There are 2 protein chains.
Amino acid sequence: MVSYTEENYLKSLFLLSQGSGEVGVNELSQHLGIKMPTVNSMMKKLREKKLVVYEAYKPLKLTARGKKEAGLIVRKHRLTEMFLVDIMGFTWDKVHEIAEQIEHIASPEFFDRMDSMLGHPTVDPHGSPIPDKNGNLVWKQYRSLLEVTAGETVKLCAVINSSDEFLRFLNARNLQLGTKIKVVSVESFDQSMRVSYTGHSDEMLSKIVCEKLLVE
Amino acid sequence: MVSYTEENYLKSLFLLSQGSGEVGVNELSQHLGIKMPTVNSMMKKLREKKLVVYEAYKPLKLTARGKKEAGLIVRKHRLTEMFLVDIMGFTWDKVHEIAEQIEHIASPEFFDRMDSMLGHPTVDPHGSPIPDKNGNLVWKQYRSLLEVTAGETVKLCAVINSSDEFLRFLNARNLQLGTKIKVVSVESFDQSMRVSYTGHSDEMLSKIVCEKLLVE
DNA sequence: TTTATTTGTTAGATGAATCTAACTTTGTAG
DNA sequence: CTACAAAGTTAGATTCATCTAACAAATAAA
Ligand SMILES: [Mn+2]
Ligand SMILES: [Mn+2]
Ligand SMILES: [Mn+2]
Ligand SMILES: [Mn+2]
């Protein structure tokens, strides 16, 4: 059995492992908002449970079992977010906190039902992929908007940061998944971009913003 | 703040208080499947939090605040059950366990949404009333089927016991909420009843079963 | 009205998840 | 190649929720 708490550790480790290869105790500690010694003990416990490969001073790694468990939690999280938006009418900036709790519900049927009501979605409301029923996850290789050159038109497919603040920033500018964005010009000085898209007047987007927008 | 665990104690106390007036530590302990000394300490803690009135050897009572908290948890439980059946297509014998977990989700909007999607229902899939937004609950005064005399026709409005077993017993006989039941005859020896209703051949129902069926 | 049974309480232990303080290892900047 | 900073570990304490064993009070039976 994996406890509620352990599930959160596994999930964080899983998500941190996606991006930057190596994950350390400190990084995990920051991400969870839990002090390092606590994380340390938990890693020992998860090692006993054969969910994590842990050796003192070495980077942390999930075992195959750990990866599957974690992937399935992420699956529940993202299915939930999709359900909250598509079925229950929430906006994409209000779903994360609720999903953070519902991802721990023990009931395969519950999530299977969500999955089929949603027509087996492959991405969540922020464009992040939903792991399959074995917990496997694959990111499509999107480009960051930063890499797009002036004159190109691309489609917004995902956002990297799903904080309420960032999502509300996008809401305010009527930028949503699927929006076709034309890069009008790029300011070489600070890499900010002037973009145009239907349903809104032209916008200036800072580098910080652009690098968080994934497009194709 | 009321913890997950505390919520379950409050809810049990609330539900036990509905029926038989007096609730003791032993009864609560049985209902929760938790040993008496543990319940004892918890009562002391809930007393400190002003949710329970507790004096050694005296019966347990919720304070007004405790009653409201508990009522709101029951509300979340029953709204969830209704949501699972009406929106997600579960059958009434599969929803309790899931609701037992979801009732602890902290998100008023989540349950408000359920409530409005369901059109502000007043009863759950087992016919139990859903407390209002202040946690107030009122049972309609139904009769038990046991009190119905031969010849009368009544409508099944609620079931007292919502165990999977009992619900599957009713499923097997095609008995559901709303079914119009005609009492054909009553066996005075053991108070079993012969009943008839559309969609099924006549059935013999034991006293044990009849007393759990609420009708009007 | 004694005695036995049920109910309730106290005391003390355990395991999970957390923390702070102190120490150690690793890696980097002079 | 030291020395300092960052990252990681150990030790020990705390809080919550649980248990068992032993004792006490209230109730029901004899
Ligand atoms: Mn999320
Ligand atoms: Mn979570
Ligand atoms: Mn229920
Ligand atoms: Mn519960």
Side-chain angles (χ1 to χ4, degrees), chain A residues 1-17 19-62 66 69-70 73 100-101 103-106, chain B residues 1-14 16-17 19-62 66 69-70 73 100-101 103-104 106:
Chain A
M1 263 301 81
V2 183
S3 75
Y4 190 109
T5 308
E6 289 165 350
E7 287 191 342
N8 281 332
Y9 280 86
L10 290 176
K11 190 181 58 148
S12 285
L13 195 41
F14 181 88
L15 294 174
L16 291 173
S17 305
S20 38
E22 309 265 279
V23 183
V25 173
N26 188 246
E27 195 183 351
L28 185 52
S29 158
Q30 304 275 304
H31 192 256
L32 285 162
I34 285 174
K35 294 293 191 296
M36 281 205 289
T38 309
V39 173
N40 193 281
S41 337
M42 183 56 87
M43 287 309 107
K44 289 175 179 172
K45 190 176 7 151
L46 293 178
R47 174 178 57 192
E48 292 322 300
K49 294 195 172 186
K50 311 256 190 262
L51 294 165
V52 165
V53 182
Y54 168 68
E55 263 196 281
Y57 301 107
K58 296 253 161 64
L60 304 168
K61 263 183 57 186
L62 289 167
E69 287 287 342
I73 300 159
E100 201 58 48
Q101 301 174 63
E103 69 191 0
H104 304 287
I105 300 291
Chain B
M1 262 302 81
V2 183
S3 74
Y4 191 109
T5 308
E6 289 166 350
E7 287 191 341
N8 281 332
Y9 280 86
L10 290 176
K11 191 181 58 148
S12 284
L13 195 41
F14 181 87
L16 291 172
S17 305
S20 37
E22 308 264 278
V23 183
V25 173
N26 189 245
E27 195 183 351
L28 183 53
S29 158
Q30 305 274 300
H31 192 257
L32 285 161
I34 286 174
K35 293 293 190 300
M36 282 204 289
T38 309
V39 173
N40 192 282
S41 338
M42 183 56 87
M43 288 309 107
K44 289 175 178 170
K45 193 185 352 162
L46 293 177
R47 174 178 57 194
E48 293 323 299
K49 293 195 173 184
K50 310 256 190 264
L51 294 165
V52 165
V53 183
Y54 169 68
E55 262 195 283
Y57 300 106
K58 296 254 162 65
L60 304 168
K61 264 183 58 187
L62 289 167
E69 287 286 343
I73 300 160
E100 201 58 47
Q101 302 174 61
E103 68 192 359
H104 303 288

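This structure is a prediction, so every number in the text was calculated from the model and none was measured. Numbers restart at 1 for each chain; the letters A, B, ... are given by sequence-line order, proteins then strands.
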Let's see if you can work this out: which of [options] has an atom nearest to the side-chain heavy atoms of [X]?
X: P37(B); options: dG8(D), dT10(C), dT18(C); value: dT10(C)
X: S41(B); options: dT10(D), dT9(D), dT18(D); value: dT18(D)
X: Y57(B); options: dA7(D), dG8(C), dT18(C); value: dG8(C)

For atom [atom1] of [X] and atom [atom2] of [N], their distance in whole Å:
X: L32(A); N: dC19(C); atom1: CG; atom2: C1'; value: 15 Å
X: N8(A); N: dT18(C); atom1: CG; atom2: C1'; value: 14 Å
X: M1(B); N: dC16(D); atom1: CE; atom2: C1'; value: 16 Å
X: M36(B); N: dA22(D); atom1: CE; atom2: C1'; value: 13 Å
X: L28(A); N: dG8(D); atom1: CG; atom2: C1'; value: 13 Å
X: L60(A); N: dG8(D); atom1: CG; atom2: C1'; value: 10 Å
X: E22(A); N: dA7(D); atom1: CD; atom2: C1'; value: 14 Å
X: N26(B); N: dG8(C); atom1: CG; atom2: P; value: 5 Å

Any carboxylate oxygen within less than 4.0 angstrom of a Lys/Arg side-chain nitrogen, looking at K58(A) and E22(A)? no

So, R47(B) and E55(B), do they make that salt bridge, N to O below 4.0 Å? no

Using a 4.5 Å cut-off on heavy atoms from C-beta on, say whether the side chain of [Y] contacts that of [X].
X: Y54(A); Y: L46(A); result: no
X: M42(B); Y: V52(B); result: no
X: L60(B); Y: L28(B); result: yes

At less than 4.0 Å, is any side-chain N or O atom of N40(A) found next to OP1 or OP2 of dG8(D)? Yes or no.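 Indeed not, no polar side-chain atom of N40(A) lies that close.
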
Given dG8(D), is OP1 or OP2 found less than 4.0 Å from the side-chain N or O atoms of K35(A)? no

Starting from the 5' end of DNA chain C, give me the residue, S3(A) or A56(A), whose nearest nucleotide shows up first. S3(A)

Residue closer to the 5' end of DNA chain C, V23(B) versus Y9(A) (nearest nucleotide):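 Closest to the 5' end, via its nearest nucleotide, is V23(B).
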
Once you apply a heavy-atom cut-off of 4.0 Å, does [X] come out as touching a base, just sugar-phosphate, or nothing?
X: T38(B); result: base
X: K58(A); result: nothing
X: Y54(A); result: sugar-phosphate

